[in-house]
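See below for the structure under consideration.
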Amino acid sequence: MGSKVLIVMGSDSDLDHLLPAVDALKELGVAVEVMVASAHRSPDRVVAIARAARDNDFGVVLAAAGGAAHLAGVFAAHTTLPVVAVPIAVGTLGGVDALLSSVQMPGGVPIASVGIGAGRNAGLFAAAILSSSDPALAARLEAFRARQAAKVVEADAKLQVKLAGRT
Ligand code: RP5
């Protein structure tokens, strides 16, 4: 299985929504590359990147686009790697258009999707996919989850102190 995550976005204007994915992957020691390629403005570029992705050692693709988002579906049509859509909120429909475009793929070439603008979750999910064939990454993901759980306990302890102070 490829070891890297490819983040492809329909426009450089999507970048801010994807930086949390980059940060999450770096935190987990996963190599990530980010590219701009638009399914409607640069269709040949999307096809070329998708067809080469497996040979370029990518194991998971995160495809971010807003509006009538079709980048993830088009990308998935040209690779058998798992593709996860990241619907971006742009324009009047607030990302619901991109979300529905992602989750309502007709049968045959499925993609997964995270929530609207959920870049960090997309990064964490990509790491989880890669961890199925990478024990060292699985261990780092376990440690990340443990740190996260500890923060919840810490928040609860602070809450109890605060509530105890109320009469
Ligand atoms: C989509 O259109 C892009 O992914 C972006 O979310 C949206 C707007 O793109 P720009 O007009 O900012 O380039 O294809």
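Any value given below was found using the heavy atoms of this structure, including those in side chains, with hydrogens, waters and symmetry copies removed. As the structure lists them, so they are numbered: ligands from 1, and atoms in each ligand from 1.
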(request) List the closest protein heavy-atom neighbour of atom 10 (P) of ligand 1: residue, atom name, distance to the nearest 0.1 Å. (result) Ser11 OG, 3.4 Å

(message) Check for me, please, whether Leu15 and Val61 land in the same ILVMFWY cluster - side-chain distances under 4.5 Å, paths through other members count.
(response) no

(message) Can you confirm, on distance only, whether ligand 1 has an N/O atom lying under 3.5 Å from any N/O atom belonging to Ile88?
(response) no

(message) Please state which option from Arg41, His70, His17 has its nearest heavy atom closest to atom 11 (O) of ligand 1.
(response) Arg41

(request) Apply the side-chain contact (heavy atoms from CB on, under 4.5 Å) test between Leu62 and each candidate in Leu6, Val22, Val34, Val5; give the one that qualifies. (result) Val5

(request) For Arg140 and Ser131, indicate whether the former's side chain and the latter's backbone hold a donor-acceptor pair under 3.5 Å. (result) no

(message) Suppose I only count heavy atoms of Asp14 and a 4.0 Å limit; which atoms of ligand 1 are within that range?
(response) 3 (C), 4 (O), 5 (C), 6 (O)

(request) Compute the shortest N/O to N/O distance between His40 and ligand 1 and return yes if it is under 3.5 Å, no if not. (result) no

Please tabulate, for the side chains in residues 147-162, all donor-acceptor contacts under 3.5 angstrom to protein atoms that are two or more places apart in sequence or on a different chain.
residue : atom : partner : partner atom : Å
Asp156  : OD1  : Gln160  : NE2          : 3.2

(request) Number the atoms of ligand 1 from 1 as they appear, then name those within less than 4.0 Å of a heavy atom of Gly10, with their elements. (result) 3 (C), 4 (O)

(request) State, yes or no, whether a side-chain contact exists between Lys4 and Val32 at a heavy-atom distance under 4.5 Å. (result) no

(message) Checking contacts here: is it the side chain or the backbone of Met9 that comes within 4.0 Å of ligand 1, counting heavy atoms only? Could be both or neither.
(response) neither

(request) Pick out which of Leu25, Val60, Leu28 makes a side-chain contact (heavy atoms from CB on, under 4.5 Å) with Leu130. (result) Val60

(request) Using heavy-atom distances, let me know which of Gly66, Ala64, Gly67 sits nearest atom 2 (O) of ligand 1. (result) Gly66

(request) Record the part of Ser13 in heavy-atom contact with ligand 1 below 4.0 Å; permitted values are side chain, backbone, both and neither. (result) side chain

(request) Output yes when a side-chain donor or acceptor of Asn56 lies under 3.5 Å from a complementary backbone atom of Phe58, and no otherwise. (result) no

